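Everything on this sheet refers to the single structure shown next.
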Amino acid sequence: MRSFVPEFALTTAKDLAHALHLLSQGTLPFAGGTDLMVLFNAGKLAPSSFVSVRKLPELRGISMSPEFLEIGAAMTYSEIRHHPQICAEFPLLAQSASWTGSIANQNRGTLGGNIANASPAADSSPVLLVYDAELKLISESGERWVPYSQFHLGYKAMTLQKRELITSIRLPRDQFAAQYGRKVGTRKAMAISKISFAATSKPGAFRIALGSVAPMPIRCPKTEQFLASQKITHAAVEEAKALITQEISPISDIRSTRDYRLAVTQNLLGEFLESLL
Amino acid sequence: MTLTVNGQPHSVDVHPMRRLLDVLRVELSLTGTKEGCGEGECGACSVFLDGKLVNSCLIPVLDAVGCDIVTIEGVSSSALQPIQKAFHAAGAAQCGICTPGMLLASLELLGKHRKPSMEQIREGLAGNLCRCTGYMRIFEAVQKASEDA
Amino acid sequence: MKMQHRFVGQPVPRVEAVSKLTGTALYVDDLRLPGMIYGVTIRSTIPRGTIREISFSDAIPWHEFTMVRAEDIPGKNIVTLIFEDQPYLAASRINHSQEPILLIAHPDKDLLTKARKHIHIEYDPLPPVFDIDESLRAETLVWGTDNVFKRFTIKKGDVDSVWSQAAFIVEGEYSTGAQEQLYIEPNGVIASIETDGTVVVRGSMQCPYYVQKALMALFALPAEKIRIIQMETGGAFGGKEEYPSMLAGHAGLLAMKSGCPVKMVYDREEDMASTTKRHPSRTRHKTAVSADGRLLAMDIEFMIDGGAYATLSSTVLSRGTIHAAGPYRCDHVRVQSTAVATNVPPHGAFRGFGAPQSLFALERHMDKIARVLNLAPEEFRKRNLLKTGDTTATGQLIKDPIDLPALQSRALSIADYESKRDRFLRENRNGKIKRGIGFATFFHGCGFTGSGERYLQSVVELEAQTDGTVHVMTSMTEMGQGTTTILSQIAAESLGVPIACIKIIRPDTAQVPNSGPTVASRTAMVVGRIVQRAAADLKAALAKPHTLPVRIRAQYQEPPGVFWDDQQYKGEAYGAFSYATYVAEVSIDTLTGSVQVEDFVALQEVGRVLNPTLAKGQIEGGVAQGVGFALYEKVEWRDGVMANNQMTNYVMPTAVDVPNIRVYFDEIPYEHGAMGAKGIGELPMDGPAPAIVNAIENALGVPFNHVPLLPEDILPAIQKRSAA
């Protein structure tokens, strides 16, 4: 344990208003802790005051309306992966939740926390992108909805203001002809992703999103538009594979190499498209 | 703050960011829960928090206030429990350092799946690393425990 | 006909399991002593150079701290092992990143954590060497006069006389990377000083007597004044063979200076970055083969990277050298081996101890030769495996009635090798998943090499108590492999008493004699044998008139006919070999290059199996570590330090990754081993990597000659092949 504990502070939010007030004073939100505590243990978390928002009712719950599925930001991966409606209508989200860490981590880690941690390797991010997710951000001064596709601005940079709290994530209900999600990690379980890939398709519309191949999770608009305008043939698949390499900027790091990420991205795209042939 | 551990209330005076793992081991002298990595990877620090398996190295103690905490000490009694007997018979404990966490993970698994498939056993234990056994004796123990139940 | 014993050969449940199952077993970090304070090590952040200045920030009340530097050392600032080169604390010269420089201690763990970040060290760097070849060139000298810790040469016959007669000459180069032992309990000790000045160290370790010897030199104290007690140890695998001497020395120095007990337990990051790992290796083979597939000559060059100090490199090199030509019959063998110095943290003992490295090369090379000859790999090996009456590369006569071709055939049959190979060949024509099957046949020498056991002069004591129990006193440590149970079984069997009557005394240098270190797969075979004899002697003594307690002492007796020439490296290298064939079935996802081991068959001949459950557990655990060695465990070096020193980024197999491991035993009782047993602890480490890489080549038709083999290595080869 490498952090000097006395330099930190943690309180439990009495209610949402209390939490938002503390946030406006520079306190940082603390949900499941599965990201923050790893940094804390490693001595890499900047000394800060935190407020635990895990139990706030506004951040909890999963509800379905005719238009949307709304998930409280403090819902855990375990809750998400086992939720029948998520499994039925948003299977990629249930799947990515089941791929994140261990059972013990899934029992604590939250969707909101995963988003706010803003790792380019986050498992939920490509899925949220292809599901056109929107985030509800609340602060003392009001609330706003932000499309998730506009949330990440760069490496670990988000449109989230310091005083704002992600309270829920909503996904428009939709009918997809095909859905595909795959994570390639360093081993089959408990792995940070080297590449994560999510895709949906409908007649005339493709959504393709990737994690770990750019400073932030990304959609691939060029590839999507190309595919939307084509009949999917073997030749089109090859051309799409070439196109996607222009839309990603993978690096070599401690877990994998640029070349590997480039090659596997193309292969996963190929696997998805070939399933449509 | 008051922590409920293994059914007993305990009053502790510690910093709210102190890890639950450390409070259990130091303030409460419950050393059955172990530290293997401090990153939430190895599962040696597993405890139950409100009935769910968690890595106590990643829980600030403040967050455990008002929750029901169960450790290996709470699961054990004067006689070996069925899961412990199954581990014993199968030779599933070698050096023993992963064993408390592995037992709790097995209990969580068997609580969710009465007769788990091998795939479910593997997934249920994936968060508990064992360097000694290669897991095979542990799989056998869990299967035996589910058959006997 | 197999003799049925009451305990030996039975699946006796582990005798110390209950405390492990209930969480009451006491590991070093579970113990708190009155007045105990905590210590940490301040380490070098450069790989090579000299310390210019150490400064301390004003933010910390340093007067409250105990501090120890090299000049505070009362005795010798050298960690006693084989060569006298490694200091406990660097005085001025730095030879590796993470090298210990300064020790600090304080009662408040939080403040200690803060203080760690407030010490600033300035260095004058020197150019480091990180590479075996660069080290050999010796342009930059980082150790001694030529950067070489040790060399060995094995010479049998005359290889150079054979090349011209060979129908084929096959060459190959193979390499293995560093591997972290990754025991789930990190290194830790508590040191305290008694009122009479005795230094007491309790901790996680394999060899209390190694620690005692080291601390005698460090503190200039006699043995009676150094007491080392092994606590419950959460895994070791060699990683706690020599390293605890360093840690015990550090904690002892702080304890002496502070007057308080000092606990030093590493966190995972520190343990991975600064303690020993498996030696990386490179092996070159040049082999002459006859037209009918017989080995005519084996010319082998085996190199290992020892890191910055010698530690155990000479003995790792020795074992790797002796195993380099494997269990094959060949009249002309030359093995030239070298252990070199580089500026990384010193490498050390890890299960297998050089043999996994040289056997990986050999068993890959055997498949290559088979391919050149257009022979099936099993057939080629069959024509060359040692038979009773043959001699090894060191001229050791194989006396056991071992039938290696039959062992190999049996393993292949259990694994359904032939039909799977044929089926995969057909099925691999289509589909994204390619399957393959491969195997390795190998051996592992049990006990210390050559005269090592004689040199150790291991002692064991048994004492019959008035309460009806018998105390067994050895220095053999339990670290999960089953020492406590095995020795109990042997003693109970020999004495004819229930297992419950046997009490294995905790290895404490004040309580037990020196039976040698718990290494080299010697506990059951060698020390168990002494226990067996002592028990028989005790039984005889108790049959005569006596007064309890009755104490019996027994010492190692070298089996007859063991001659080892340390100069020529010839003769009986080991009292016995255990033998095995391991078969791996793999599936490879050609989209990602990921390899999954689907099925694994481990068949070994290990003499008498003393406890089938424990033996199975040892093999399964070793195979899992071998799978890690082959496919997952890569140390990422950046500037001479392990950059991926977290469990998130240095990955070992989880319950989802490990294959179904099927274990089988053949038993040919070894007359000089305890109740007929040979060693099994390290054997399972030797087979998995070559078997898996052989299987991968079988699946893809692409040879890979290094481990760890990651998808990043495999995918480009797959793509190149499909492009072609």
Side-chain angles (χ1 to χ4, degrees), chain A residues 1-8 34-35 38-44 47 98-99 101-105 119 121 180 182-197 241 250 252-275, chain C residues 38 40 59-60 108-118 265 267-270 432 589-597 627-628 631-638 642-658 708 710-720 722:
Chain A
M1 227 298 280
R2 297 190 176 206
S3 280
F4 184 51
V5 178
E7 284 178 337
F8 292 81
T34 51
D35 284 316
V38 174
L39 293 171
F40 178 67
N41 285 343
K44 298 199 169 113
S98 77
W99 289 339
S102 59
I103 303 283
N105 295 342
S119 165
Y180 172 94
R182 195 156 168 193
K183 168 181 172 173
V184 178
T186 50
R187 57 187 171 190
K188 272 166 84 167
M190 301 256 295
I192 298 196
S193 84
K194 299 198 260 191
I195 301 105
S196 56
F197 189 109
K241 281 158 90 170
S252 295
D253 62 15
I254 212 163
R255 275 179 288 277
S256 189
T257 64
R258 179 183 169 276
D259 286 348
Y260 181 78
R261 288 176 161 127
L262 270 169
V264 174
T265 299
Q266 291 177 78
N267 289 347
L268 297 186
L269 177 64
E271 184 174 63
F272 166 57
L273 294 175
E274 275 157 33
S275 73
Chain C
Y38 302 91
V40 295
I60 305 291
D108 182 343
K109 233 174 158 184
D110 281 327
L111 189 56
L112 192 68
T113 305
K114 185 180 182 190
R116 219 173 167 174
K117 296 189 191 173
H118 284 86
V265 174
D267 64 17
R268 183 59 56 185
E269 278 189 47
E270 180 172 19
K432 295 271 156 67
D589 184 337
T590 55
L591 295 185
T592 62
S594 307
V595 179
Q596 181 64 28
V597 182
V627 171
L631 298 174
Y632 296 97
E633 297 180 40
K634 184 168 187 185
V635 177
E636 291 287 340
W637 296 103
R638 299 261 192 283
M642 183 183 186
N644 58 332
N645 58 323
Q646 310 87 22
M647 279 192 169
T648 309
N649 290 323
Y650 178 86
V651 293
M652 59 167 270
T654 67
V656 176
D657 304 294
V658 76
L710 301 183
E712 283 77 0
D713 305 311
I714 294 174
L715 191 62
I718 292 175
Q719 298 191 301
K720 212 158 116 183
S722 47

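Lettering follows sequence order; numbering is per chain, from 1. The structure presented is a predicted model; accordingly, all values stated were derived computationally and were not measured.
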>> Whether the side chain of A/Tyr260 engages the backbone of C/Asp713 through a donor-acceptor N/O pair (distance < 3.5 Å, no angle test) should be reported.
In response: no
> Could you state the interatomic distance from NZ (A/Lys194) to CD (C/Glu712), rounded to the nearest 0.5 Å?
Replying inline: 3.5 Å
> So, do C/Pro716 and A/Asp259 sit near enough that their side-chain heavy atoms are less than 4.5 Å apart?
Replying inline: no
>> Using heavy-atom distances under 4.5 Å, tell me whether C/Asp267 contacts chain A through its side chain, its backbone, both, or neither.
In response: side chain
> Can you tell me if A/Arg187 uses its side chain to pair, donor with acceptor, with the backbone of C/Met652 under 3.5 Å?
Replying inline: yes
> Heavy-atom distance under 4.5 Å between the side chains of C/Arg116 and A/Arg2, does that happen here?
Replying inline: yes
> Given a strict heavy-atom distance threshold of 4.5 Å, which part of C/Asn649 is in contact with chain A: side chain, backbone, both, or neither?
Replying inline: side chain
> Side chain, backbone, both or neither: which part of C/Pro711 has an atom under 4.5 Å from a heavy atom of chain A?
Replying inline: both
> How about A/Arg182 and C/Leu591: do any of their side-chain heavy atoms sit closer than 4.5 Å?
Replying inline: yes
>> Please give me the minimum heavy-atom distance between A/Ala189 and C/Val656, naming the atom from each residue.
In response: CB-CG2, 3.9 Å
> Under a 4.5 Å heavy-atom cutoff, which of A/Thr186, A/Ile254, A/Val264, A/Ile195 has the most pairs with chain C?
Replying inline: A/Ile254
>> Can you confirm whether A/Asn267 sits close enough to C/Leu715 that some side-chain heavy atom of one is under 4.5 Å from a side-chain heavy atom of the other?
In response: yes
> Does any non-hydrogen side-chain atom of A/Gln266 lie less than 4.5 Å from one of C/Gln719?
Replying inline: no
